Amino acid sequence: MQKQHRLIGDRAFYRHVLGIAIPIMIQNGITNFVSMLDNIMIGLVGTNQMTGVSVVNQLLFVYNLCIFGGLAGIGIFTAQFWGNQDQEAVRYTFRFKIFVAAVLAVISLLIFRFAGGPLIRVYLKGDGEAADIADTFRWARRYMDVMLLQILPFAAAQVYSGTLRETGETVVPMNAGIAAVFVNLFGNWVLIYGKLGAPALGVEGAAIATVISRFVELAVLVIWTHRNTGRNPYIIGVYRSPKVPWKLAKTMTIKGTPLLANETLWSAGQAVLTQNYSLRGLTVIAALNISQTISNVFNIAFIAMGSAIAIILGQQLGAGKLDTARDYAAKLAFFSTALCVVTGLLEIAAAPFFPLIYNTEENVRHMATGLIVIAGIFSPMYAFENSCYFTLRSGGKTLITFFFDSMFVWISSIPLLALLVRFTEIPILPMYALIQSVELIKCVIGYLLMKKGIWVQDLASLHKKEA
């Protein structure tokens, strides 16, 4: 009987999972919903403005995932040290996060400042009127120039919010995110359209609102964390010294570098995929932007479950409960996949209606509808491979996740798409579906790696032995 129900947990299990996942879902949901409204607001201004902003956001997406990747490797240790109740070690991981985030932010600022223009132009080489391409570039450049101001506060906010989640505090990051998105939404309304006596700044207004919201989010996180030292004892004295033991720093670097490389290469891979699609014209970029905007709202389920998997399994491994971690992994993967069967059906149902909101051409709307349907069909696949990725990561198998995730994109999806775009006349919709279906291979590989249990490892105990 137990064998039949090994994929289904009891009520206590789901209360624990949802207690962690729901605040993350709410935060991500509100963030993506407001991002969707942001996108729609700019889309109502014009197609070229919307396309220009989407190109810049695709580039900034690479930076965002660099930060996530750089901090995620350290976060594995934070979760396990917290499970082991080692506050001093958690304090070390926090300091190391600050160092990594600062380095990545400064490097990214320099790249976008001096190479932003050429990076934008890479996306504007498809078929299209020269005037439209020039206009799209102009809006993209103006948007990027302002958005650079949010790079540092975004990095700092991820240090705090990531640490809070890894130590079991998911509500505060949610509240900070909610505050930020409503500030962003109000700022968009005022600054894009020129309400309440403000000038109508268009895409620059959207960027200014985003920058302000990033500082608001950071302020909420910093103030709460430092005012609640009883619940966050690791924060006491965290800035009195830059000390991080060399052995621990070395171990975190070894484990974290593959994750940083993975997130950087994966996000860069998504940018390259979009650039390849763009060779079919600006219409494709506009349609992809619309479809990805609504998909991001529905994807919050498996994204939040990925974070919950990393936290729950990391804490179980850190507490030395290896068998429990193995049991939880199967249940969490099944729950995440089942959840996305539901969200995928809802996404398909929304597909014909969402593109109608945009002030764009009918062929863009039709293409966006097809892309949304395809994304909804593959939603359970995304959920399962995401579960495999975070399970492997929770045990510190970061080199394996590097090959499993980003390298798969570069050695399979990108070459295949490049060939299809350049040497065939396959329409965009079947081409997009074919590229997505390639990732079914990842699901098989992920299942085999999870079942083998190579990820079941207590890093906290290993650190104590080395110390």
Side-chain angles (χ1 to χ4, degrees), residues 6-33 64-65 68-69 71-72 75-76 78-79 83 158 161-162 164-171 173-174 177 259 262-263 266 294-317 324-347 375-395 397 401 404-405 439-440 442-443 446-447 449-451 455:
R6 71 183 186 86
L7 295 178
I8 301 174
D10 56 19
R11 289 185 179 180
F13 172 78
Y14 291 112
R15 277 198 299 268
H16 180 50
V17 172
L18 294 176
I20 293 174
I22 285 179
I24 299 174
M25 287 184 191
I26 292 172
Q27 180 186 356
N28 289 345
I30 293 174
T31 300
N32 283 301
F33 181 72
N64 291 348
L65 285 195
F68 291 143
L71 301 183
I76 295 170
T78 304
Q158 297 316 303
S161 63
L164 288 172
R165 290 194 190 101
E166 288 146 10
T167 55
E169 183 56 69
T170 57
V171 174
M174 177 190 75
L259 275 184
N262 177 70
E263 298 295 336
W266 185 86
I294 187 66
S295 291
N296 287 341
V297 174
F298 286 100
N299 289 346
I300 62 171
F302 77 76
I303 291 173
M305 282 302 301
S307 298
I309 288 168
I311 293 167
I312 292 169
L313 297 185
Q315 291 179 354
Q316 294 300 318
L317 292 171
T324 302
R326 190 190 294 267
D327 177 57
Y328 280 8
K331 290 179 170 64
L332 289 165
F334 179 78
F335 180 58
S336 181
T337 305
L339 193 60
C340 286
V341 170
V342 177
T343 59
L345 291 172
L346 292 173
E347 185 173 358
I377 291 170
F378 283 103
S379 184
M381 179 194 74
Y382 302 148
F384 183 74
E385 66 182 19
N386 189 63
S387 299
C388 296
Y389 170 79
F390 279 98
T391 298
L392 294 169
R393 205 181 82 173
S394 68
K397 295 299 180 182
T401 60
F404 172 76
D405 201 31
E439 298 207 7
L440 288 167
K442 282 177 65 177
C443 292
Y447 171 76
L449 291 172
M450 281 181 63
K451 187 176 181 181
W455 54 275

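Reckoned from all heavy atoms, side chains included, excluding hydrogens, waters and symmetry mates. Owing to the predicted nature of the structure, the values given are computational and were not obtained by experimental measurement. Index from 1, following the sequence.
Interatomic distance, CD1 of Ile76 versus CG of Leu313, reported as 11.5 Å (0.5 Å rounding). A distance of 10.0 Å separates OG1 of Thr324 from CG of Leu317, quoted to the nearest 0.5 Å.
Here Cys340 pairs with Ala301, Phe302, Thr343, Ser379, Ala383 under the side-chain contact (heavy atoms from CB on, under 4.5 Å) rule; sequence neighbours left out. With sequence neighbours left out, Glu169 forms a side chain to side chain donor-acceptor pair (under 3.5 Å) with Arg231. In this structure, Gln316 has no side chain to side chain donor-acceptor pair (under 3.5 Å) partners at least two apart in sequence or on a different chain. For Ser387, the side-chain contact (heavy atoms from CB on, under 4.5 Å) criterion is met by Ile309, Ala333, Ser336, not counting sequence neighbours. Applying the side chain to side chain donor-acceptor pair (under 3.5 Å) test to Asn386 and every residue at least two apart in sequence or in another chain returns nothing. Under the side chain to side chain donor-acceptor pair (under 3.5 Å) criterion, Ser295 pairs with Glu347, not counting sequence neighbours. Residues forming a ring pair (Phe, Tyr, Trp, His ring centres under 6.0 Å) with Phe334 (at least two apart in sequence, or on another chain): none.
Between Trp455 and Leu449 the shortest side-chain heavy-atom distance does not fall below 4.5 Å. With contacts defined as side-chain heavy-atom distances shorter than 4.5 Å, the pair Leu332/Met305 qualifies.
Shortest non-hydrogen contact noted between Glu439 and Glu385 is OE1-OE2, 2.6 Å.
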Throw together a table of side-chain donor-acceptor distances under 3.5 angstrom for residues 13-25, partners on residues two or more places apart or in other chains.
residue	atom	partner	partner atom	Å
Tyr14	OH	Gly9	N	3.0

